[in-house]
There are 2 protein chains.
Amino acid sequence: MNRDNDHSTQCIVLISGFAFRHKISKDGKRQIVSIHLAGEVINLQSLFLEAMDHNLQALARCSVVLIPISALRSLIFARPPIYAAFIIRSMVEASIYREWILNNGWRDARARIAHILCEFAVRSDALGINHGGIYNLPMTQEQIGDAVGLTAVHVNRTLKSLSNDGLITQSADCSAPTA
Amino acid sequence: MNRDNDHSTQCIVLISGFAFRHKISKDGKRQIVSIHLAGEVINLQSLFLEAMDHNLQALARCSVVLIPISALRSLIFARPPIYAAFIIRSMVEASIYREWILNNGWRDARARIAHILCEFAVRSDALGINHGGIYNLPMTQEQIGDAVGLTAVHVNRTLKSLSNDGLITQSADCSAPTA
DNA sequence: CGGGAACTTGATGCGCGTCAACTAGCGTGG
DNA sequence: CCACGCTAGTTGACGCGCATCAAGTTCCCG
């Protein structure tokens with residue numbers, strides 16, 4: 001992401017595809033803190049905070065629209081309902097963060113991975129982008145591991161285990177979890 | 001917390017003492033998702049969301065002030081800067097959530113506990129309630145464990161280990177971490 | 001046909017959970 | 001006053017879940 005598209009001056013709307021946000025710890029580990037689907041403004045907090053405490057990254061190919069922050073600020077101050085909608089969206093994101101803290105805290109590998117698959121399925125349903133119980137999850141096993149705090153190797157074994165138990169089925173190009 | 005003080009109709013300002021928010025998973029594990037010090041409004045999201053996805057609990061004795069949500073709503077809509085201040089506070093909380101996701105994701109026991117102690121110290125400093133490098137942390141080892149996803153037994157061992165290495169010192173009534 | 005990224009699978013070891021026993025402190029009631 | 005019970009903390013033994021290391025297989029793309 002070059003200087004012209006700097007997310008400190010532009011808000012980014014994800015039009016198609018997927019993106020995620022992550023932090024890098026001092027020892028080089030990457031922790032994915034949120035996943036974003038089409039239709040979401042993926043750096044809402046830039047409207048209110050100057051500093052960025054994490055990084056944005058696209059999952060596979062995606063298209064975005066950039067809106068200058070100054071324009072969005074004018075909009076929300078002129079239209080209180082839009083302002084409120086953005087705030088509520090942020091609150092919902094905070095709720096998802098809390099859920100992730102719980103997910104990474106106590107659960108074992110099967111539960112963590114099942115949770116992230118289910119969350120993805122529910123959000124895909126809400127957007128109407130599932131195909132009859134088939135979901136397109138464009139994350140590598142390493143990325144899943146970075147989201148739930150497991151190594152790619154163990155993610156692999158756990159997915160196999162879920163698969164063997166008939167809880168999920170995977171297709172070639174991507175994965176297709178079913179409840 | 002009885003019906004009269006219901007946090008679905010009142011906002012709670014922590015005047016003195018400490019409080020935390022937690023979620024209970026289906027298997028009975030408790031995950032603490034945030035800690036609150038004196039001076040903070042501890043259920044800001046109630047201004048915007050009806051549902052409460054987690055629980056509030058006091059750490060030891062504390063005093064609070066209750067403000068009807070309707071009154072706060074009137075205030076923030078009448079005074080945009082106050083509105084904005086609340087939003088920014090929420091964004092900062094979201095940032096702390098992201099940090100906790102990272103903390104619980106990859107770090108080992110020593111790093112997790114050191115992080116929560118340091119976060120507590122920094123926030124205490126910001127409030128000016130430290131006493132020359134001495135901090136009063138009113139959490140039991142079990143609560144620390146519930147915050148970072150470790151058992152009380154292992155928190156105990158890890159604190160001992162940090163103590164033996166001279167990284168922290170503990171006094172009788174509570175703990176006194178030093179950087 | 002070569003090379004790299006993602007996935008797969010096995011062997012080994014350690015960090016942390018679990019179980020259990022014990023101590024210390026503190027409030028309550030006899 | 002001491003007996004009692006409860007909560008928090010402490011320590012040891014043992015086992016499992018997951019990390020780590022390593023080798024290999026696909027599969028895509030040049």
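No experiment lies behind these values; they were computed from the predicted model shown.
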>> Please determine whether a side-chain nitrogen or oxygen atom of B:T151 lies at a distance below 4.0 Å from atom OP1 or OP2 of C:dC16.
In response: no

> Just by distance, with hydrogens left out, do A:S161 and A:R110 show a side-chain donor and acceptor under 3.5 Å apart?
Replying inline: yes

> Rounded to the nearest Å, what distance is computed from the CD1 atom of residue A:I144 to the P atom of nucleotide C:dC7?
Replying inline: 8 Å

> Between the side-chain atoms of A:R157 and the base atoms of C:dG10, is any donor-acceptor pair under 3.5 Å?
Replying inline: yes

>> Using the side-chain heavy atoms of B:V153, tell me which of these nucleotides is nearest: D:dC21, C:dA20, C:dG17.
In response: C:dA20

> Nearest-Å distance, CG (A:D108) to C1' (D:dA19)?
Replying inline: 16 Å

> Can you check whether A:Q141 has a side-chain N or O nearer than 4.0 Å to OP1 or OP2 of C:dT8?
Replying inline: yes

> Would a 4.5 Å heavy-atom cut-off, applied to side chains only, mark B:I87 and B:F48 as touching?
Replying inline: yes

> Taking B:R98 for the side chain and A:V33 for the main chain, is one N or O donor matched with an acceptor at less than 3.5 Å?
Replying inline: no

> For B:R112 and C:dC16, what is the distance between atoms CZ and P respectively, to the nearest whole Å?
Replying inline: 7 Å

>> If you take the centroid of each ring, where Trp contributes its six-membered ring, are B:F120 and B:Y135 closer together than 6.0 Å?
In response: no

>> Whole angstroms only, please: what is the CG-P distance between B:L159 and D:dA8?
In response: 15 Å

> Please give, in whole Å, the distance from D:dG9 C1' to B:K160 NZ?
Replying inline: 8 Å

> Rounded to whole angstrom units, what separation is found between the CD atom of A:Q143 and the C1' atom of C:dA5?
Replying inline: 12 Å

>> Looking at C:dT8, I'd like to know if its phosphate oxygens (OP1 or OP2) sit under 4.0 Å from a side-chain N or O belonging to A:N156.
In response: yes

>> Tell me the interatomic distance from B:R107, atom CZ, to D:dA19, atom C1', rounded to whole angstroms.
In response: 18 Å

> When all nucleic acid strands are considered with a 4.0 Å heavy-atom cut-off, which category describes B:G149: base, sugar-phosphate, or nothing?
Replying inline: sugar-phosphate

>> Base, sugar-phosphate or nothing for A:A152? Non-hydrogen atoms, less than 4.0 Å.
In response: nothing

>> Could you check whether any side-chain N or O of B:N55 sits under 3.5 Å from a backbone N or O of B:K23, counting only pairs where one atom can act as donor and the other as acceptor?
In response: no

>> Base of C:dG15, side chain of B:R110 - is there a donor-acceptor contact under 3.5 Å?
In response: no

> For the pair made of CG in A:L150 and C1' in D:dG17, what is the distance, rounded to whole Å?
Replying inline: 10 Å

